[in-house]
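Scroll down for the structure; my scribbles are underneath it.
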Protein chains: 2
Amino acid sequence: MGAERLRNRLRVARAERRISQEELAGLAGVTRQTISSIENEQYVPSALLAFVLASRLDKPVAELFYLEGDVS
Amino acid sequence: MGAERLRNRLRVARAERRISQEELAGLAGVTRQTISSIENEQYVPSALLAFVLASRLDKPVAELFYLEGDVS
DNA sequence: GCTATATGTCAAGTATACCAGACATTCAGT
DNA sequence: ACTGAATGTCTGGTATACTTGACATATAGC
């Protein structure tokens, strides 16, 4: 899986909602560290988690996550 | 991560495009088995792969993948 | 200065995505 | 009947998502 990276606007979306990492983690059913790691792009989430996060933040998933360096 | 499942319309989208699992795998940079496993929902892909697949199939990711049993 | 909230991060463990190679089945074409 | 394309699936391996528990720092309120 080539050159493109998956970026996200999780931190901004969370700030708009004014909820903490811990609250979002609770809403999504994961740990706080998982949210932190995704925001800092230490790893990319599973597609399931990406969709759940979008759902909890009430945003389309494509607005929260996007490809960078796409070749398509 | 609770009750919801991640479903996908990969097989249909691929049929529309008339490409084989192997071709799609090549486009996405993964193996044929990976495509097969995702179509048969043996596991959910990473968010990166989900977005790459959508890009290669020229569909919005939310059209290819969707949550089922959402509580949101 | 103390305490609580929010965040970063580390280490060790478990679960699962994904790979590589192989074998089997089905179906279309000849 | 044979062949090749497409798909399913198994096994064993590696990479990485995610957990749990802990410790550190920064900031805000009292």
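Just so we're on the same page: letters track the sequence lines, and every chain starts at 1.
Rounded to an integer number of Å, the gap from CD1 of B:I38 to P of D:dT9 is 15 Å. Atoms CD (B:Q42) and P (D:dT11) sit 12 Å apart, rounded to a whole Å. If you measure from atom CG of A:L49 to atom P of C:dA17, you get 12 Å, rounded to the nearest angstrom. We find that CG of A:L48 is positioned 12 Å from C1' of C:dT16, with the value rounded to whole Å. Atom-to-atom, OH of B:Y43 to P of C:dC18 comes out at 6 Å; the value is rounded to the nearest Å. For the pair A:E22 CD and C:dA4 P, the computed distance is 15 Å after rounding to whole Å. Following rounding to the nearest Å, A:N40 (CG) and C:dC10 (C1') show an atom-to-atom distance of 14 Å. Following rounding to the nearest Å, A:E39 (CD) and D:dC18 (P) show an atom-to-atom distance of 14 Å.
In this structure, of C:dC18, C:dT7, D:dC18, it is C:dC18 that holds the atom nearest to the side chain of B:V30. Comparing C:dC19, D:dC18, D:dG8 against the side chain of B:T34 picks out C:dC19 as the nearest.
Comparing B:E23 and B:S37, the nucleotide of DNA chain D nearest to each residue sits closer to the 5' end for B:E23.
Salt bridge A:R11/A:E39: present, at least one basic N to carboxylate O contact under 4.0 Å. Using a cutoff of 4.0 Å between basic side-chain nitrogens and carboxylate oxygens, B:E63 and B:R9 are not scored as salt-bridged. A:R14 and A:E23 are not joined by a salt bridge, as no carboxylate oxygen comes within less than 4.0 angstrom of a charged side-chain nitrogen. Using a cutoff of 4.0 Å between basic side-chain nitrogens and carboxylate oxygens, B:E4 and A:R56 are scored as salt-bridged.
Close to C:dA6, at under 4.0 Å from its OP1 or OP2, lies no side-chain N or O of A:R11. The phosphate of C:dC18 (OP1 or OP2) has a side-chain N or O of B:S46 nearer than 4.0 angstrom. Contact check, A:R18 against C:dT5: no side-chain N or O comes under 4.0 Å of OP1 or OP2. Taking side-chain N and O atoms only, A:S36 has a distance below 4.0 Å to OP1 or OP2 of C:dG8. Between B:Q21 and D:dG8, a side-chain N or O to OP1/OP2 separation shorter than 4.0 Å is present.
Not one N or O on the side chain of B:R5 forms a donor-acceptor pair closer than 3.5 Å with the backbone of B:L67.
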### Task
Applying side chain to side chain contact (heavy atoms under 4.5 Å, CB included), run through B:R17 and B:D58 and close with a yes or a no.
CA-CA 10 Å; B:R17 283 297 182 117; B:D58 213 27; 2.9 Å; yes
### Query
When every nucleotide of nucleotides 20-30 of chain C is labelled 5' to 3' by its protein contacts under 4.0 Å (heavy atoms), B for base, S for sugar-phosphate only, - for none, what sequence of letters results?
BBB--------
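Side chains of B:S37 and B:T34: a donor-acceptor N/O pair is absent below 3.5 angstrom, by distance only.
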